[in-house]
> 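Got a structure here, written out as structure tokens. Questions coming.
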Protein chains: 2
Amino acid sequence: MVESAPAGLECALLGLLRGAPTHAYELHGRLVRAEALGLVWHLKQSHLYALLTRLEESGFLTSTMEPRGARPPRKMLSLTPSGRDAFAHWAAAPVAHGRDFRLEFLAKLYFAAEEGPTAVAALVERQRAACAAWLADLRAQSAHLSDTQPYAQLVLGFRSSQIEAILAWLETCAAVLEASS
Amino acid sequence: MVESAPAGLECALLGLLRGAPTHAYELHGRLVRAEALGLVWHLKQSHLYALLTRLEESGFLTSTMEPRGARPPRKMLSLTPSGRDAFAHWAAAPVAHGRDFRLEFLAKLYFAAEEGPTAVAALVERQRAACAAWLADLRAQSAHLSDTQPYAQLVLGFRSSQIEAILAWLETCAAVLEASS
DNA sequence: CTCGAATACTCACGATTTGAGTATACCGCG
DNA sequence: CGCGGTATACTCAAATCGTGAGTATTCGAG
């Protein structure tokens, strides 16, 4: 029950429990199988169990044993209000670093897409603003660099170009998901 | 002395020991201070010591205690032939995943830049080929996707656009470092 | 001469991640 | 009918990673 904010991807697990209570095994099945999030996030079974245990210890979810006659019982998980809250906050906030895009932002986008075009548009717009700020910062740094540091120039150039590509891609996000709704 | 291939960034440490034997403390100083690699790679002191210990245990480097009169002795590190070899192999090979660019590829580029425009050109060209292959693969995957999976399309689109940006940036690499040599 | 910064290194711990294992129940096949 | 393979559901010990915090000495500024 320690209640410290859960780390990025743990919140995505909370998101998967938004609907009906589920048990860990099925969650894992969803992730590795069809579920689109599995494209983005690979998680071993044992790791998943560990994460869920921690989320429970921290009070973001509760479990009840579901007896199933002859078969072994299942540990059914559901969100606590605190868990629901943590997810909502996480899902709405943009990521803070370019390196968090591959996994964390795409996960956020997944949930936003489930919720509808409005949520997507809001997330994309917040993220766009954050990226624009990073880019401005990088350009300022780059300007302070002398020509005698070509390597540093390349490093900053690399980061800038990655962020520019992200910005361009963000433009297409809202459009694509809008078109298919 | 277990001799299993060292992980990506450990090889970069080997690279920093190519020249004169050095001791760990100075290595750390170089990394956090001026040294351009510090832009890319942040490493706590204790972590660095741990990595170096492991590299020594694996036989990639050897140490000798340098007595310094009254002052405490230093543990001077130098590459073994096996270490020199591991570095050379690592430095010449392109990285295998987009996610390795931020750190590992930029580190390789750093050493290539030290060595001269020829080495840079060779590394860049190999990496370009690898990236082109990834891109082709992504496009093939994308083609197999139905329109009913807009999220998956976006994910693949994201990856493609990141790699395209990398390809464009690679073009500028050789040019920039060539110009400043 | 002393106080703080720099030098040089060590250690114990917590968190993360993984491989490997356990145990039961269902289902098809001969 | 019973045998083996697969699916279900979860557990655990252990490697690995990474960090904070500490130690001990020396040097230079005031």
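Residue numbers start from 1 in every chain, and the chains themselves are labelled A, B, ... in the order their sequence lines are given, proteins ahead of strands.
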> B/His42 has an atom NE2; how far is it from atom C1' of D/dG20, in whole Å?
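One finds 19 Å between C1' of D/dG20 and NE2 of B/His42, rounded.
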
> How far does CG of A/Leu27 sit from CG of A/Leu52, to the nearest 0.5 angstrom?
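Taking CG in A/Leu27 and CG in A/Leu52, the distance rounds to 6.0 Å.
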
> Nearest whole Å is fine: how far is C/dA8 C1' from B/Met76 CE?
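So the CE-C1' distance, B/Met76 to C/dA8, works out to 12 Å.
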
> Name the residue closer to the 5' end of DNA chain D, choosing between A/Pro73 and B/Leu51 according to the nucleotide with the nearest heavy atom.
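The residue closer to the strand's 5' end, by nearest nucleotide, is A/Pro73.
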
> Just the rounded figure in Å: distance from C1' of D/dG18 to CG of B/Leu52.
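Taking CG of B/Leu52 and C1' of D/dG18, I get 15 Å after rounding.
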
> Whole Å only: how far is the CG atom of B/Leu48 from the P atom of C/dT7?
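Whole-Å distance recorded here is 15 Å.
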
> If you check the A/Tyr49 side chain, which of D/dC12, D/dA9, C/dA8 turns out closest?
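That would be D/dA9.
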
> Taking atom types as modelled, find out whether B/Glu56 and B/Ser63 have a side-chain donor-acceptor pair closer than 3.5 angstrom.
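Yes, side-chain donor-acceptor contact under 3.5 Å.
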
> CE of B/Met65 versus P of C/dA8: gap in Å, rounded?
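Result: 13 Å.
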
> Among C/dT16, C/dT10, C/dG19, which nucleotide has an atom closest to any side-chain atom of A/Arg54?
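The closest nucleotide is C/dT16.
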
> Give a yes or no on whether a salt bridge exists between B/Lys75 and B/Glu26, defined as a side-chain N under 4.0 angstrom from a carboxylate O.
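No, B/Lys75 and B/Glu26 are not salt-bridged.
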
> Could you state the atom-to-atom distance from CG of A/Leu13 to P of C/dT16 in whole Å?
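Going from CG in A/Leu13 over to P in C/dT16 covers 13 Å.
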
> Taking the side chain of A/Gln45 as heavy atoms from C-beta outward, which of C/dT17, D/dC10, D/dG20 is closest to it?
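That would be D/dC10.
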
> Is the shortest side-chain heavy-atom distance between B/Leu77 and B/Thr64 below 4.5 Å?
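Sidechains of B/Thr64 and B/Leu77: no contact.
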
> Between atom OG of A/Ser78 and atom CG of A/Leu14, what is the distance when rounded to the nearest 0.5 Å?
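Going from OG on A/Ser78 over to CG on A/Leu14, the span is 11.5 Å.
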
> As a test of reading the structure: which of D/dT8, C/dC9, D/dC10 is closest to the side chain of A/Arg33, going by heavy atoms?
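Of the candidates, D/dT8 comes closest.
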
> By nearest atom, which of the nucleotides D/dA9, C/dC9, C/dC11 is closest to the B/Arg74 side chain?
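Closest nucleotide among those given: C/dC9.
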
> CG of B/Leu9 versus C1' of D/dG18: gap in Å, rounded?
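These atoms are roughly 14 Å apart.
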
> Give the nucleotide from the list C/dT17, C/dA15, C/dC9 with an atom nearest to the side chain of A/His47.
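Closest nucleotide to the A/His47 side chain: C/dT17.
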
> If we only count heavy atoms from C-beta on, is the B/Tyr110 to A/Val155 side-chain gap below 4.5 Å?
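Side-chain contact under 4.5 Å: no.
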
> Would you tell me whether B/Trp90 and B/Glu104 have side-chain atoms, one donor and one acceptor, within less than 3.5 Å of each other?
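Result is yes, a qualifying pair exists.
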
> Rounded to the Å, how far apart are B/Lys44 NZ and C/dA8 C1'?
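Atom NZ in B/Lys44 sits about 18 Å away from atom C1' in C/dA8.
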
> Below 4.0 angstrom from OP1 or OP2 of D/dA9, is there any side-chain N or O of A/Lys75?
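False: A/Lys75 side-chain N/O out of range (4.0 Å or more) of D/dA9 OP1/OP2.
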
> Which residues within residues 22-30 of chain B lie with some heavy atom under 4.0 Å of an atom in DNA chain D?
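Nothing qualifies; none.
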
